[in-house]
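Taking it in order: structure first as structure tokens, then the write-up.
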Number of protein chains: 2
Amino acid sequence: MTVSRAEQKERTRRAIIDAALRQLSADKSFASLSLREVAREANIAPTSFYRHFKDMEELGLTLVDECGLALRQIMRKARKRIEKGGSVIYTSVQTFMEFIESSPNIFRLLFHERSGTTHGLRTAVAREIQYFVVELTDYICAIGYDKESAFAQAEAMVAVVFNAGAESLDAKPGQRKQIARRAVTQLRFIASGAKQHRMIKTKGVRT
Amino acid sequence: MTVSRAEQKERTRRAIIDAALRQLSADKSFASLSLREVAREANIAPTSFYRHFKDMEELGLTLVDECGLALRQIMRKARKRIEKGGSVIYTSVQTFMEFIESSPNIFRLLFHERSGTTHGLRTAVAREIQYFVVELTDYICAIGYDKESAFAQAEAMVAVVFNAGAESLDAKPGQRKQIARRAVTQLRFIASGAKQHRMIKTKGVRT
DNA sequence: AAATTGAGCGTACACGTGTACGCAAAAAAA
DNA sequence: TTTTTTTGCGTACACGTGTACGCTCAATTT
């Protein structure tokens, strides 16, 4: 029953990360998390924390990375669902909302630290969201939009979806369906608005 | 040089509020503000704080009220500008962006506490934003949309504008114009998308 | 087998926090 | 004038915080 050093170290590191994630909630943001609290939850001495992270910010960056990864995986899942047939917009919103319902704290972390108090975290979150936007931009470009309006479209869509997600967090479960439906409507607005603008630009009506 | 009690009390109250607002910045959210810090800045003893507010949350609610008020005043200003001629969308975005540039901390407070850690503040902010959305909804209804799609439209627009505002906060001054322009584009997408949906519903093409 | 490395712990410290309590002094009420 | 009310202050306390420092002890290297 001997474990290698590297393995043990990785375990503890994970314990810290998981402890932090476990403590996040509607009433406890990452910013209001203390090193000692995290260490306690992870069953290590406060000072042992330093063996793994320089300070809380470094842990925060790690968390944002993980959460961003989770988000990207979700979108991959959405894409697979779409390939199997189904409205792009509806399926995407649906998948996203499921994600938020199943792990609200991950979304909370990203959403809250986006306007957070430490510059490092803020830009890290911004980067994660940019991945999102860029991916969507590429997709829209592939459908035949110029880059600029594709980006505008993608950004607006992400803003709307995130907004719906945030609403969903504090909403009673009964309202969630309605929020999702509204988000779909809003995305359709954006999509057909953009389409119309493209039509105007190319000075022809095309399907 | 005698001041009435009520007057003096009001002065101190304002001193506290202003002190709190003064301390808000990119690196200091309301949540990371301590009672003692605020009291220090307001030149009163920590314990005197309690003569005016039950606790920090009550101060927070007051701040949110004030900031919401400021926001609504801005929109009134925008409406006046519009009456004097000018694109609704462009003028609104422009006014909003000016507001953010001139008092970023007020916007930051609303934006950050929207996803904040205390339920009271969160709902207070949500209410302020709802005012915004509802006003816009009414306006859109008056142009001839049904309530539901008007609301969806308004909400999406506010989401997009707030998103642009948030971007603007961390952007270099040179990028701000571009962000504003993009926001205008995005709002136009939403507007013409919604219009098109209405046209489909009424089964006729109308201007 | 001996030496080195490194994760983890316990102690200790200085510091900032919220707030309970009682007192001063001046305005307001009697 | 006397009494009451109320703003504000100072002291005091218990508590949670980040982190410096030195130790142990087992995995790893020599």
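In what follows, chains carry the letters A, B, and so on, assigned in the order in which the sequence lines appear, proteins first and then strands, with residues in each chain numbered from 1.
Under 4.0 angstrom from either OP1 or OP2 of C:dG8 there lies at least one side-chain N or O belonging to A:Gln8. B:Ser34 has no side-chain polar atom (N or O) that falls below the 4.0 Å cut-off from OP1 or OP2 of C:dG16.
Using a cut-off of 4.0 Å between Lys/Arg side-chain N and Asp/Glu carboxylate O, A:Arg182 and B:Glu155 are scored as salt-bridged. Of the charged side-chain nitrogens involved, at least one lies within less than 4.0 Å of a carboxylate oxygen, so that A:Glu98 and A:Arg81 count as a salt-bridged pair. Salt-bridge formation is detected for the pair B:Glu7/B:Arg11: a Lys NZ or Arg NE/NH1/NH2 atom is positioned less than 4.0 Å from an Asp or Glu carboxylate oxygen. By the 4.0 Å N-to-carboxylate-O rule, B:Arg176 lies close enough to B:Glu101 to be salt-bridged with it.
In plain terms, the two heavy atoms of A:Gly144 and A:Arg198 that are nearest each other are O-NH1, 3.2 Å.
Annotation: B:Phe189 is in aromatic contact with A:His197 [ring centroid separation under 6.0 Å].
Rounded to whole angstrom, the span from the CD atom of A:Glu37 across to the C1' atom of D:dG18 amounts to 13 Å. Between B:Arg36 atom CZ and C:dC15 atom C1' there is a gap of 11 Å when expressed in whole angstrom units. For A:Leu35 and C:dG8, the CG to P distance is 14 Å, given to the nearest whole Å.
Annotation: the terminal axes of the helix from C:dA1-D:dT30 to C:dA30-D:dT1 meet at 10°, where each axis is the rotation carrying the C1' atoms of four end pairs onto the next four (5 pairs per end, rounded to 10°).
For a distance-only test at 3.5 Å, the side chain of B:Arg5 qualifies as a donor-acceptor partner of the base of D:dT6.
The stretch residues 39-63 of chain B touches DNA chain D through B:Ile44, B:Ala45, B:Thr47, B:Ser48, B:Arg51, B:His52, each having a heavy atom under 4.0 angstrom from the strand. Shown for residues 10-30 of chain B: residues whose heavy atoms fall under 4.0 angstrom of DNA chain D, namely B:Thr12.
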- Message: Does B:Glu37 form a side-chain hydrogen bond (donor to acceptor under 3.5 Å, both in side chains) with B:Gln23? I'd like the steps, not just the answer.
- Response: CA-CA 9 Å; B:Glu37 263 176 316; B:Gln23 300 211 321; 5.4 Å; no
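B:Ser149 and B:Asp146 are linked by a side-chain donor-acceptor pair at a separation below 3.5 angstrom, with hydrogens and angles left out of the test. Using a 3.5 Å distance cut-off with no hydrogens or angles, the side chains of A:Glu66 and A:Thr62 do not pair a donor with an acceptor. Side chains of B:Gln8 and B:Ser4: a donor-acceptor N/O pair is absent below 3.5 angstrom, by distance only.
For the pair B:Arg72 and B:Phe132, the cation does not sit on the ring face, since its NZ or CZ is not both under 6.0 Å from the ring centre and inside 45° of the axis.
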